[in-house]
Amino acid sequence: MFLTFINISPRNCRKIWEKESSIMARSSGRIIKNPFMSLTPSPRSLTQLFSVSPPLTSLFSSKRTSPSLSIFILSFLFSFTFLGISIFRFFPSSQDSIHCSIISPTTSPISSHPLPSSHSQIILTSLLSGINSDNKIQPRIGGTAMVPLPVHLVSGNLSEEETEFWKQPDSNGYRPCLDSTIGYRKRSAKISKEKNRFLVVVAAGGLNQQKNQIIDAVVIARILEAALVLPVLQVNMIWEDESEFPDIFDVEHFKKTLRADVRVVSSLPSSHLVAKQTIVTQIPYGVSPFWIRAKFFKQLNQEGVLVLKGLDSKLSKNLPSDLQKLRCKVAFHALRFSKPILQVGNQLARRMWIEGPYISLHLRLEKDVWVRTGCRTGLGPEYDQIITQIQKTQPQYLTGRVNMSYSQRRLSGLCPLNAFEMARLLKALGAPQSGRFYIAGGEPFGGSKALEPLAAVFPNLVRKEMLARDGELSPFLNSSSALSAIDYIVSFNSDIFIPSHGGNMGRALQGHRAYMGHRKSIRPNKRTMLPFFEDSSISDEEFSSIIRSLHNKSMKPEPRKKQRDNDVIAYPVPECMCRHGSGIF
């Protein structure tokens with residue numbers, strides 16, 4: 001049994017210990033109140049604080065008590081009371097983190113502190129059973145952002161490589177800052193009340209691809225000074241997912257968070273329901289706000305409604321500062337998952353977290369991924385032949401660079417890492433074999449065989465189906481987007497996140513984790529590292545040293561470079577994060 005220390009806000013420490021006190025009191029048949037829980041005394045407690053006990057009262061009421069003795073006693077009580085109030089005021093009452101010890105109930109080689117007895121079991125049992133199962137366990141930045149569970153402080157009998165692996169990056173003082181300019185705020189007064197122009201957007205693709213389009217939809221609505229109709233999620237033909245916006249996201253939270261930026265309505269008003277609407281599907285890649293306004297503003301003024309489809313990556317990644325901040329506001333604050341998804345996702349995350357530190361691997365091993373990327377599965381000729389046959393019969397699913405061979409694609413970093421390659425990467429990075437890994441992603445092509453090379457080196461692999469209790473996942477089994485959202489939440493709360501392929505989810509989690517405190521995310525540098533995978537002349541020690549040196553940069557806060565594919569959602573520094581600033585949304 002070992003002890004792990006983590007950072008938890010004072011409010012959450014109080015909640016955990018209050019829960020423990022309540023349980024202990026009930027077990028002994030008595031009601032016990034912890035006098036140290038109320039950091040802000042109530043008027044009643046202040047009255048009690050200044051009240052005098054019977055023995056002291058008798059001293060004052062006694063006729064034989066001398067005046068000097070009474071004055072002495074009064075002075076003593078006044079000094080003692082003042083000292084008590086000063087001590088209470090000394091305790092932090094803000095949301096800044098303080099140290100609060102949480103006891104891990106499992107034996108683990110990665111922590112070396114001795115474990116006290118039953119107190120800690122009660123604390124963690126309370127957490128596991130769902131203290132604040134309505135998600136109040138987590139603090140909120142501005143009341144809107146999803147905040148991860150605390151990172152574990154890992155210590156004990158670790159090698160130098162393992163210590164470095166678990167080490168979290170230095171934030172370099174960067175914190176969220178979404179303060180907009182005065183001009184932006186002045187225009188907001190009019191735009192947020194718009195009732196004549198309406199933008200309708202149809203978002204296609206998987207969950208995180210749809211999220212990207214919803215983010216751009218809000219920004220385009222702002223550019224066009226239009227109200228945004230709740231985005232329509234197009235039926236996904238690959239996964240046959242018919243989920244609608246309210247099934248995946250919290251609608252009221254979305255509207256409320258954006259009410260100062262864009263007016264969001266659930267549907268078009270009857271005055272704008274016309275038989276024929278202009279639907280725009282052909283938009284160039286990387287268009288600017290000027291292009292958007294020049295192309296659509298006049299038309300929108302005349303018709304009152306504009307319908308856009310196929311928005312993925314169409315809006316430029318390089319926007320004015322206010323619009324970049326709006327992107328971050330939508331991504332990290334407004335697009336909160338619906339309550340049923342959030343509740344299950346948080347429950348699974350707590351079940352992983354309660355056992356100690358864990359790594360989330362987003363493995364892209366699904367059949368459709370191999371078909372779309374034109375890559376080999378690593379499972380042998382039999383499985384590769386199946387993929388090749390699908391590519392021939394359904395070439396529309398194969399993404400760009402069709403003329404490249406498999407080897408060219410792989411060495412260009414366009415293929416997901418298979419289980420064998422991921423195992424080699426983790427081992428070289430110093431991941432402990434006893435580490436616990438959450439496997440995010442859909443059902444791998446090849447089933448359990450696809451994960452065998454990884455499980456042979458790192459046996460503690462966990463999937464959401466293993467964490468969930470009877471019936472918890474049943475409401476979401478026909479929604480790939482909901483299942484992906486649950487994976488997102490558990491991965492968001494992990495100590496370390498590693499995707500096997502870039503992809504929309506990998507980039508979204510990388511940026512979200514950076515925004516919420518620069519939690520460690522490792523982006524495999526496939527293009528540079530794969531040639532070393534093929535070089536048998538390199539020793540294991542040299543290979544590990546090379547791999548670690550290649551990934552040092554990806555573990556630190558990295559400012560966004562103004563390139564076509566560098567989105568502020570993946571790289572929130574510096575547009576959405578400032579050093580030593582107080583502009584936290």
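This chain uses plain numbering: 1 for the first residue, then up along the sequence.
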- [ ] Given salt bridge (charged side-chain N to carboxylate O under 4.0 Å, His left out), test Arg351 with Glu472 step by step and report yes or no.
- [x] CA-CA 13 Å; Arg351 289 171 195 162; Glu472 281 186 323; 2.7 Å; yes

Task: side-chain hydrogen bond (donor to acceptor under 3.5 Å, both in side chains) assessment of Asp487 paired with Tyr438 - done: CA-CA 9 Å; Asp487 277 340; Tyr438 178 81; 2.5 Å; yes

Task: side-chain contact (heavy atoms from CB on, under 4.5 Å) evaluation trace for Leu429 with Ile547 - done: CA-CA 7 Å; Leu429 289 172; Ile547 294 301; 3.9 Å; yes

Task: Derivation and outcome, side-chain contact (heavy atoms from CB on, under 4.5 Å), residues Asp312 and Asp216 - done: CA-CA 8 Å; Asp312 194 28; Asp216 282 356; over 6 Å; no

Open item on the list: Walk me through whether Phe249 and Phe337 qualify under side-chain contact (heavy atoms from CB on, under 4.5 Å).
Closed with: CA-CA 4 Å; Phe249 303 106; Phe337 294 120; 4.0 Å; yes

Open item on the list: Pair Ser479, Ser243 - check side-chain hydrogen bond (donor to acceptor under 3.5 Å, both in side chains), show working.
Closed with: CA-CA 6 Å; Ser479 173; Ser243 299; 2.7 Å; yes

TODO: Please assess Asn504 against Gln209 for the test side-chain hydrogen bond (donor to acceptor under 3.5 Å, both in side chains), listing each intermediate value before the final yes or no.
DONE: CA-CA 6 Å; Asn504 293 301; Gln209 193 174 1; 4.6 Å; no

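Both the sub-6.0 Å distance and the 45° axial angle are satisfied by Arg424 relative to the ring of Phe533. A cation-pi contact, defined as under 6.0 Å to the ring centre and within 45° of the axis, is absent between Lys367 and Tyr383.
Applying the 6.0 Å contact sphere to NZ of Lys255 captures more than 12 heavy atoms from other residues, nucleotides or ligands. Other residues, nucleotides and ligands contribute only 12 or fewer heavy atoms inside 6.0 Å of the CZ atom of Arg376. Environment of CZ in Phe420: sparse, with no more than 12 heavy atoms of neighbouring residues, nucleotides or ligands closer than 6.0 Å. Few gaps surround CD on Glu465; more than 12 heavy atoms of other groups in view lie less than 6.0 Å from it.
Heavy-atom minimum distance, Ile341 versus Ile489: O-CD1, 3.8 Å. Across all non-hydrogen atoms, the minimal contact from Thr373 to His501 is CG2-NE2, 4.2 Å. Counting all heavy atoms, side chain and backbone alike, Val369 lies closest to Arg364 at CG2-NH2, 3.1 Å. Pro357 and Val154 get closest at one heavy-atom pair: CG-CG2, 3.6 Å. Ile496 approaches Ser494 most closely through the heavy-atom pair O-OG, 3.1 Å. Residues Met505 and Ala440 approach most closely at CE-CB, 4.4 Å, considering heavy atoms.
Residues Phe445 and Asp368 have side chains not in contact (no heavy-atom distance under 4.5 Å, counting atoms from C-beta outward).
For the atom pair Lys167 NZ and Thr163 OG1, the distance stands at 10.0 Å (nearest 0.5 Å). Asn478 contributes atom CG, which lies 11.5 Å from atom CG of Asp247 (distance to the nearest 0.5 angstrom). Rounded to the nearest 0.5 angstrom, Leu207 CG and Gln210 CD are separated by 6.5 Å.
Distance alone, capped at 3.5 Å, places no donor-acceptor pair between the Ser171 side chain and the Gly517 backbone. Using a distance-only test at 3.5 Å, with no hydrogens or angles considered, a donor-acceptor pair links the side chain of Gln168 to the main chain of Asp495. Panel note: side chain Asp384, backbone Thr377; a donor-acceptor pair is recorded below 3.5 Å. In terms of modelled atom types and a separation under 3.5 Å, the side chain of Gln391 and the main chain of Val371 share a donor-acceptor contact. Lys526 places a side-chain N or O within donor-acceptor distance of the main-chain N or O of Cys415, the cut-off being under 3.5 Å. Side-chain atoms of Arg523 do not come within 3.5 Å of backbone N or O of His551 as any donor-acceptor pair. Judged by distance alone, the side chain of Lys329 and the main-chain N or O of Ala334 form no donor-acceptor pair under 3.5 Å.
Phe492 and Tyr488 have parallel rings, their planes meeting at less than 30° on a 0 to 90° scale where 60° marks the start of perpendicular. Ring-plane geometry between His152 and Trp353 is classed as tilted, the angle between the planes lying from 30 to 60 degrees on a 0 to 90 degree scale.
For Phe332 and Tyr515, the ring centers sit closer than 6.0 Å to each other.
Under 4.0 Å is where a charged nitrogen must lie from a carboxylate oxygen, and between Asp567 and Arg507 no such pair does.
Judged purely by distance below 3.5 Å, without hydrogens or angles, the side chains of Ser491 and Arg513 never pair a donor atom with an acceptor atom.
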